[in-house]
Amino acid sequence: MTVLLLLSTPVTVKPIACVEMKDEKSNSILPTEATRLRPRLESFDDVLPYVGDYGRYQWLLLLSLLPYGATYAFLYFSQFFITIIPTEHWCRIDELVNSNFTEEERIKITIPVTNVYPYYEQCQRKDVNFTELLKSDKSLSSSGFQTNKTIKCTQWEYNFTQIPYPSIGTELDWVCDREYLVSTAQAIFFCGSIIGGFLVGWIADHKGRIPALMFCNGIALFASIFTASANSFWSFAVCRFLAGLAFDNCINIPLIIGKPSTK
């Protein structure tokens, strides 16, 4: 009986190397299985996890942007503080202010009472000749101070207990019929911001981001200085418009400059 012995020799399997195929037409390397599994590093955010998400670079970037962030916050929030008006204000009577009457007594003498806080009229006063009454030395309870006739105020006094400083709104009496000037000035500021976006954007594209940034900071500086010396609504509005030109751009441009380019 013939027995056939099948002799087998050991076979060694060699790993197949992933060779990148080359496209002969475009002369470019085609992706293989190995390159497909490799993470793609296309932007700075993709590279950042390999070098550290939070470290010295981030601290230096934050510190370098702090001055521009402070300028941005100053331009935005300053308009609320320089136009704020105390809720408690009433008609100013020069004859009584120059006398020895307290604020409570002046309000009681000159201002009609209401049922709404601050419980007295803010835009009208009693139609009384206070000069003649003061000359007659009549008491506060005298019938001469009691009348139902009222006239509009031309000047105002303010209670600076909660807001301990005068603003341009109190200096120019932007109350009652002129109350709309506060919101109008703020609207003009944001109109300047819209125009500044186009203007500064054009400067950044054609002259460079550094000149555009210097332009923003210069405009913000001089507009803020001249705002402090504004003595009318229109002078204040012009200063706020110029400050609005730098708004947004004073922080957007540094952010663009500070972000590394991936091209």
Side-chain angles (χ1 to χ4, degrees), residues 43-45 54 57-87 89 158 160 162-263:
S43 65
F44 182 77
D45 293 333
Y54 193 74
Y57 170 79
Q58 286 74 19
W59 276 107
L60 293 176
L61 184 63
L62 176 62
L63 292 176
S64 64
L65 292 176
L66 278 180
Y68 304 102
T71 303
Y72 175 81
F74 174 79
L75 289 175
Y76 181 75
F77 290 106
S78 62
Q79 61 184 344
F80 300 109
F81 292 99
I82 60 182
T83 59
I84 192 169
I85 298 174
T87 305
H89 54 270
Y158 302 89
F160 292 108
Q162 296 181 349
I163 304 173
Y165 63 91
S167 64
I168 190 170
T170 59
E171 291 177 352
L172 300 180
D173 290 332
W174 290 351
V175 293
C176 296
D177 294 340
R178 294 162 56 88
E179 187 177 3
Y180 69 95
L181 294 178
V182 175
S183 56
T184 302
Q186 295 179 359
I188 291 175
F189 171 82
F190 287 106
C191 288
S193 176
I194 296 173
I195 297 176
F198 291 102
L199 177 61
V200 178
W202 183 90
I203 295 175
D205 290 338
H206 293 80
K207 304 298 181 181
R209 295 191 180 101
I210 298 298
L213 181 61
M214 298 301 295
F215 173 78
C216 285
N217 291 336
I219 288 293
L221 175 63
F222 288 106
S224 300
I225 293 174
F226 288 116
T227 297
S229 60
N231 55 6
S232 66
F233 169 75
W234 288 112
S235 62
F236 179 78
V238 170
C239 292
R240 296 312 297 164
F241 177 82
L242 294 176
L245 293 176
F247 183 64
D248 281 342
N249 299 299
C250 65
I251 188 63
N252 289 337
I253 296 177
L255 288 175
I256 297 173
I257 295 175
K259 183 178 180 181
S261 177
T262 56
K263 294 183 180 180

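Quick note: residue numbers are just sequence positions, from 1. The model shown is predicted, which means the values in this text are computed figures rather than measured ones.
Every residue meeting the side chain to side chain contact (heavy atoms under 4.5 Å, CB included) condition with V238, not counting sequence neighbours, appears here in chain and number order: L242. The side chain to side chain contact (heavy atoms under 4.5 Å, CB included) test applied to L221 returns I225, not counting sequence neighbours. Remark: Y158 engages H89 in a ring pair (Phe, Tyr, Trp, His ring centres under 6.0 Å) (not counting sequence neighbours). Scored by the side chain to side chain contact (heavy atoms under 4.5 Å, CB included) test, T87 finds Y117 as partners (sequence neighbours excluded).
The two residues A185 and R240 come nearest to each other via the heavy atoms O-CB, 4.3 Å. Taking each heavy atom of N217 and C250 in turn, the nearest pair found is OD1-CB, 4.4 Å. Nearest heavy atom pair, residue A223 against residue A243, reads CB-N, 3.6 Å.
In summary, the aromatic rings of W174 and F236 are positioned with their centroids under 6.0 Å apart. Side-chain rings of F189 and F247 approach one another, their centers coming within less than 6.0 Å.
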Would you mind writing out the side-chain donor-acceptor pairs for residues 64-76 within the sub-3.5 Å range, not counting sequence neighbours?
unit_1, atom_1, unit_2, atom_2, d
S64, OG, L60, O, 3.2
S64, OG, L61, O, 2.7
T71, OG1, P67, O, 3.0

List the atom pairs, with distances to 0.1 Å, where a side-chain N or O of residues 190-209 and a protein N or O form a donor-acceptor pair under 3.5 Å, not counting sequence neighbours.
unit_1, atom_1, unit_2, atom_2, d
W202, NE1, H206, ND1, 3.3
H206, ND1, W202, O, 3.0

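The stretch residues 221-230 participates, sequence neighbours left out, in no side chain to side chain donor-acceptor pair (under 3.5 Å) pair at all. Residues in residues 173-192 take part in these salt bridge (charged side-chain N to carboxylate O under 4.0 Å, His left out) pairs, two or more places apart or across chains: K152-D177.
In this structure, T170 contributes its side chain and P166 its backbone to no donor-acceptor pair below 3.5 Å.
Distance check, rounded to the nearest 0.5 Å: CD1 of I168 to CD1 of I84 gives 14.5 Å. Distance CD1/I82 to OG/S167: 8.5 Å, rounded to 0.5 Å.
Here the side chains of F215 and I253 are not in contact, with every heavy-atom distance at 4.5 Å or above. Looking at C216 and N249, their side chains come closer than 4.5 Å, going by heavy atoms from C-beta outward.
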